[in-house]
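Heads up: the structure comes next, in structure tokens.
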Amino acid sequence: KDAAIIFQMADHLNSSSVQQALSDAAVRSGVNIPGLSDVIRKEQDAKNEAATLMSYITSQGSEGDKKRNPQVIEQMQKRMRELEGLRKEYKAQIQKGFPEYFHLIQPKAPSHTDIAQQLKPDELFVSILPMEKQTYVWAINSAGKVNFHLWPVGEKDGAKLVEKIRKTLDVAGLGNKAPVFDYADAHTVYKGIFGPLELEMADKKHVIVATSGAFANMPLGVLVRKPVASPNPLNAAWLIKDTAISQVPTASGWLSLKRYAKVPSSTQPLIAWGDPLFDNKVATQQIAGVIPKNTTVRSAIDTRSTLQIGLERSNEDSYLAYSKIPPLPETRDEVNELAKILAADPKQDVILGSDATRQSVLKSSASGQLGKKQVVVFATHGLLAGDLPNLNQPALAMASTANPADSPLLTLEDVLGLKLNADWVVLSACNTAGADGRAEEALSGLARGFFFAGSRSLLVTHWSVESESAMLLTTHTFAAYKKDPQMRRAEALKQAMVETMKLPQYAHPAYWAPYALVGEGGR
């Protein structure tokens, strides 16, 4: 009983902006009472505007005196006070007129019974909460049984273990020179978190893991269940071989997505953007096939060191800098193959090269076409705040245009305004789930946006992926998902990982493990 009570408290501590986004999406998707949807949307829009203003005001605090603009900040602060008043009015309207929906805006921490009711008999919910001196771990099954244990490894030591493991994972670009995977620490983490749960996990096909901090920085499928005698990845007892895994930020966030999942899925299979043209001066070369395809690692790391100037499109130097972002010609094959697997129309549903602009995404959303797609794919570079000068929010790098007024970046603010009803959003690009301790930042950024916009799950990468193995993972995932109408999303990804690791050249987890399923891992 004590463990169940502490679980509720812990989930409240662990809640984040991602959780709020999940709740927001669940609210909007479940609204069918006249008058309610309008006031909910107004409250959410006011909240988003206030968050944007606060971010700007905070950033101004770190600027030098010459760059500060006190008049603008004063206006923003006034607007924030107005927004806060409006939000109170909207909430009061909802609480009075629609009390059954009010708890969705002010969600309470779920009980173990709430979690159990949403679990199937072959599913297990695991919550991991790193604290200063130890890590708390709960496991809840469909019968409502709670297993609780303490792992005597605190937040800092846990982060060190994850960092050591990640140094042997983000190595796809090294090829044959890649270091041997850190089996010892991967087994240590497995024993600490999942070891005491082995009996409970024996018959479970899907494990939903709620975690934050360092353990959100790595795919848990790479943990090994037994000590490894020889460093041969083909023989390792990878956790992913035995169970499908999906990750969620919090238990309450997962429940929000479960509510959202009850909304009927879209009827059209796919829309995909791939190989955006970052330098429109090479458009004719690309069309003519002069630029060769390659099998390099998809990475935007180069842009983080070479782009030392702003992205203002009126600045010719900035334009040239953006054009240096590494192209992704190999993603054309990937999105076209996904369209084939899902029986989409490549002429209508696959947007490539110079057409893959930010404006094309916004137009698709405004016309209602985006909201009709089950799977939405962005095969491009993901950028985190700070990756480019003056970039203060996560973004996707889309095609540049000849119009200086058009930004090439699909920012978090843009994503928040999209209208989706997607089972999957696939960010088949570089490390969109973050690296160097920034996973939570990214997931509370782009993930927040896509969940808020109406996606049930995200397929994101923990590190820069190698192109051929990335294509195998995504195409195998959707081929399996398409073939079996009952298959869970998490199971489809699991099968793709297991198939990919069977190939000797991709046996190292750097190749088969980069993708993580975040959100609703069921069907």
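- To the nearest 0.5 Å, atoms CG (Leu129) and OG1 (Thr250) are separated by 11.5 Å.
- For Glu82 and Arg79, the salt-bridge test passes: some basic side-chain N is under 4.0 Å from an acidic carboxylate O.
- Under 3.5 Å, the side chains of Ser265 and Asp423 contain a donor-acceptor pair of N or O atoms.
- Taking the side chain as every heavy atom from C-beta outward, Glu155 and Glu132 never approach each other to under 4.5 Å.
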Can Val426 and Phe478 be said to form a side-chain contact (heavy atoms from CB on, under 4.5 Å), step by step?
CA-CA 11 Å; Val426 182; Phe478 284 99; 3.6 Å; yes
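- Judged purely by atom type and a 3.5 angstrom limit, Thr477 uses its side chain to pair as donor or acceptor with the backbone of Leu473.
- Distance check, rounded to the nearest 0.5 Å: CG of Leu342 to NZ of Lys373 gives 11.5 Å.
- Residue Ile245 comes nearest to Leu517 through the heavy atom pair O-CB, 4.4 Å, listed as atom of the first residue, atom of the second, then distance.
- A donor-acceptor pair under 3.5 Å is absent between the side-chain atoms of Ser365 and the main chain of Leu362, judged by distance alone.
- Ion pair Arg488/Glu123 flagged as a salt bridge, since at least one NZ, NE, NH1 or NH2 atom sits closer than 4.0 Å to an Asp/Glu carboxylate oxygen.
- Within the 3.5 Å criterion, the main-chain N or O of Asn48 finds a donor-acceptor partner in the side chain of Thr52.
- For Tyr515 and His462, the gap between ring centers reaches or exceeds 6.0 Å.
- Between atom OG1 of residue Thr331 and atom CG of residue Asp275 there is a gap of 4.5 Å, rounded to the nearest 0.5 Å.
- For the pair Arg456 and Phe451, the cation-pi criterion (under 6.0 Å, within 45° of the ring axis) is not fulfilled.
- A salt bridge does not link Arg523 with Glu491: none of the charged nitrogens is closer than 4.0 Å to a carboxylate oxygen.
- Taking the six-membered ring for Trp and the full ring otherwise, the centers of Trp138 and Phe125 sit at least 6.0 Å from each other.
- Minimum interatomic distance between Ala379 and Pro276 (heavy atoms only, all atoms of both residues): O-CD, 3.8 Å.
- Note that CE of Met80 and CE of Met54 are 3.5 Å apart. Values are rounded to the nearest 0.5 Å.
- Residue Ile140 holds its CD1 atom at 9.5 Å from CG of Asp114, rounded to the nearest 0.5 Å.
- A donor-acceptor distance shorter than 3.5 angstrom exists from the side chain of Gln374 to the backbone of Ser266, with no hydrogens or angles considered.
- Gln118 places a side-chain heavy atom less than 4.5 Å from the side chain of Leu255.
- Under the side-chain contact (heavy atoms from CB on, under 4.5 Å) rule, Met398 has a single partner from Val361, Leu277, Asp406, Asp414, which is Val361.
- Side-chain contact check for Leu124 versus Ile208: every heavy-atom pair is 4.5 Å or farther apart.
- At distances below 3.5 Å, at least one donor-acceptor pair connects side-chain atoms of Thr135 with backbone N or O atoms of Val153.
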Where do Ile351 and Ile271 land on the side-chain contact (heavy atoms from CB on, under 4.5 Å) test, with the steps shown first?
CA-CA 8 Å; Ile351 301 110; Ile271 188 167; 3.8 Å; yes
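- No side-chain heavy atom of Lys91 sits under 4.5 Å from any side-chain heavy atom of Gln95.
- For the pair Ala395 and Leu409, the tightest heavy-atom approach, listed with the atom from each and the gap, is CB-CB, 4.2 Å.
- Atoms CG and CG, on Leu83 and Leu53 in that order, are 6.5 Å from each other to the nearest 0.5 Å.
- In this structure, the side chains of Ser360 and Trp273 come closer than 4.5 Å at one or more pairs of heavy atoms.
- Partner Leu270 forms a side-chain contact (heavy atoms from CB on, under 4.5 Å) with one of Val375, Val376, Val335 and no other, that one being Val375.
- Between the side chain of Lys419 and the backbone N or O of Gly417 there is at least one donor-acceptor pair closer than 3.5 Å.
- With Ser252 contributing its side chain and Pro110 its backbone, the two residues share no donor-acceptor pair below 3.5 Å.
- Of all heavy-atom pairs between Lys120 and Ser142, the closest is O-CB, 3.6 Å.
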Trace of the side-chain contact (heavy atoms from CB on, under 4.5 Å) decision for Val248 with Val209:
CA-CA 6 Å; Val248 293; Val209 183; over 6 Å; no
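- Of all heavy-atom pairs spanning Leu458 and Ser455, the tightest one is CD2-OG, 4.1 Å.
- Side chain of Arg489 to main chain of Glu520: a donor-acceptor pair is present (N/O by atom type, distance under 3.5 Å, no hydrogens or angles).
- Inspection of the Thr474 and Glu334 side chains reveals an N or O donor paired with an N or O acceptor under 3.5 Å.
- Residues Tyr136 and Trp151 place their aromatic rings such that the two centres sit no closer than 6.0 Å.
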Show the numbers, then the answer: is there a side-chain contact (heavy atoms from CB on, under 4.5 Å) between Leu459 and Leu427?
CA-CA 6 Å; Leu459 197 59; Leu427 303 181; over 6 Å; no
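- Considering every non-hydrogen atom in both Val162 and Ala214, the closest pair reads CG1-O, 3.5 Å.
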